[in-house]
Amino acid sequence: MRPLMRPLPRSFYDRPTELVAHDLLGKILVHRVNGEQRCGRIVEVEAYVGPHDLAAHTSRGLTKRTQAMFGPPGHAYIYLIYGIYHCMNVVTEREGHGSGVLLRALEPLCGLSGNTRGPGLLSRAMGIDRSLYGADLCGDTLFLTQDPAPQPFEIVRRPRIGVAYAGAWADAALRFLIGGNPYVSRK
DNA sequence: AGGATGATATCC
DNA sequence: GATATCATCCTC
């Protein structure tokens with residue numbers, strides 16, 4: 001698995017956010033940190049489609065925190081939540097659009113210990129924090145890659161978690177998960 | 001059901 | 001400068 005682990009190209013991210021979210025399921029997240037490699041298969045994500053999406057951080061406009069999400073596609077938007085946990089998103093669509101996909105749960109593949117079911121736990125297990133804010137996912141430190149031996153799976157759509165404040169957007173089925181996978185954070 | 005724990009946005 | 005609010009998780 002070491003050779004031909006090429007990062008997904010930037011063109012993968014430069015597409016409609018719901019499509020990117022859908023296609024991220026089954027892809028492999030890799031983080032290379034001080035000589036070791038941590039990786040897991042993505043089993044659950046959420047799409048935040050742009051500033052008009054009242055659940056998206058970008059709905060409050062361009063701020064220092066959301067700068068990366070308004071930046072070019074294929075970079076990491078990482079933030080601290082509840083003073084404890086980090087959450088990682090991939091930035092989608094063209095620069096200035098303000099959209100991204102939250103990575104919510106992983107199936108552990110290599111170098112991972114502990115729970116990876118939930119965005120905070122995923123980031124902790126992968127060693128992802130704000131030092132990776134804005135990281136280029138087309139580089140060789142933190143990136144996504146195609147599963148070399150993909151198996152077929154069913155994709156299920158559900159409303160997003162923890163966005164009850166978002167009015168009409170609270171109920172949108174923008175959470176994508178692999179049906180029946182034991183590593184999703186919630187059914 | 002409620003607490004941890006700190007950055008951030010938004011208010012005075 | 002103060003405070004309300006979190007795209008969460010754990011414990012009771």
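Quick note on labels: first sequence line is chain A, next is B, and so on, each numbered from 1.
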> Separation of A:Leu80 atom CG from C:dA7 atom P, in whole Å?
Replying inline: 12 Å
>> Check this for me, if you would: do A:Arg157 and A:Glu18 make a salt bridge, where the nitrogen-to-carboxylate-oxygen distance has to be below 4.0 angstrom?
In response: yes
> Can you tell which of B:dT5, C:dA7, B:dT10 lies closest to the side chain of A:Ile84?
Replying inline: B:dT5
>> Within residues 156-185 of chain A, which residues have any heavy atom lying less than 4.0 Å from an atom of DNA chain B?
In response: none
> How close or far is atom P of C:dA7 from atom CG of A:Leu102, stated in whole angstroms?
Replying inline: 10 Å
> Tell me: CZ of A:Arg117 to P of C:dC9, nearest whole Å?
Replying inline: 10 Å
> Is there a donor N/O on one and an acceptor N/O on the other, under 3.5 Å, for the side chain of A:Tyr79 and the base of B:dA7?
Replying inline: no
> For the side chain of A:Thr92 and the backbone of A:Tyr13, is there at least one donor-acceptor N/O pair under 3.5 Å apart?
Replying inline: no
>> When you measure from the centre of the six-membered ring of A:Tyr85, is the NZ or CZ of A:Arg124 closer than 6.0 Å and no more than 45° off the axis?
In response: no
> In which ranges does DNA chain B form stems of 3 or more consecutive Watson-Crick or G-U pairs, distances under 3.5 Å?
Replying inline: B:1-4 with C:8-11, B:6-11 with C:1-6
> Rounded to whole angstroms, how far apart are CZ on A:Arg60 and P on B:dC11?
Replying inline: 9 Å
>> Less than 4.0 angstrom from a charged side-chain N to a carboxylate O is my criterion; do A:Arg15 and A:Asp23 meet it?
In response: yes
> Hey, mind stepping through A:Asp53 and A:Arg160 against salt bridge (charged side-chain N to carboxylate O under 4.0 Å, His left out) and telling me if it holds?
Replying inline: CA-CA 12 Å; A:Asp53 173 358; A:Arg160 295 171 292 185; 2.7 Å; yes
Using a cutoff of under 3.5 Å, can you pull out all pairs of nitrogen or oxygen atoms linking the protein to nucleotides 10-12 of chain C, with atom names and distances?
none

> So A:His97 and A:Phe70, ring pair (Phe, Tyr, Trp, His ring centres under 6.0 Å) or not? Walk me through it.
Replying inline: CA-CA 6 Å; A:His97 191 267; A:Phe70 281 105; 9.1 Å; no
> Using a cut-off of 4.0 Å on non-hydrogen atoms, how would the nucleic acid contact of A:Met69 be classed: base, sugar-phosphate, or nothing?
Replying inline: base
>> I need the CG-P distance between A:Asp129 and B:dG6, as an integer number of Å.
In response: 15 Å
> Can you tell me how far P in B:dG3 sits from the matching atom in C:dA4, rounded to whole Å?
Replying inline: 16 Å
> In this structure, which one of A:Ile81, A:Leu122, A:Leu80 forms a side chain to side chain contact (heavy atoms under 4.5 Å, CB included) with A:Cys87?
Replying inline: A:Ile81
> So, do A:His57 and A:Tyr48 have ring centers that fall under 6.0 Å from each other?
Replying inline: no
>> Tell me the interatomic distance from A:Ile78, atom CD1, to C:dA7, atom C1', rounded to whole angstroms.
In response: 14 Å
> Of A:Thr63 and A:Ile81, whose nearest nucleotide on DNA chain B comes first from the 5' end?
Replying inline: A:Ile81
>> Between A:Arg65 and B:dA7, is there a contact of a side-chain N or O with OP1 or OP2 at under 4.0 Å?
In response: no
>> OP1 or OP2 of B:dT8 versus the side-chain N and O atoms of A:Arg130: is any pair under 4.0 Å?
In response: yes
>> Please check this pair: side chain of A:Glu46 against backbone of A:Ile161, looking for a donor-acceptor N/O pair closer than 3.5 Å.
In response: yes
>> To check you understand the geometry: which heavy-atom pair defines the closest contact between A:Ala68 and A:Ala76, and what is its length?
In response: CB-O, 3.9 Å
> How many Å lie between NE2 on A:His86 and P on B:dA7, as a whole number?
Replying inline: 10 Å
> How close do A:Phe153 and A:Arg41 get, heavy atom to heavy atom, and via which atoms?
Replying inline: CD2-NH2, 3.6 Å
> Are any side-chain N or O atoms of A:Arg104 and backbone N or O atoms of A:Pro119, one a donor and one an acceptor, separated by less than 3.5 Å?
Replying inline: no
> Ring stacking, A:Tyr82 with base of B:dG6, under 5.5 Å and under 30°?
Replying inline: no
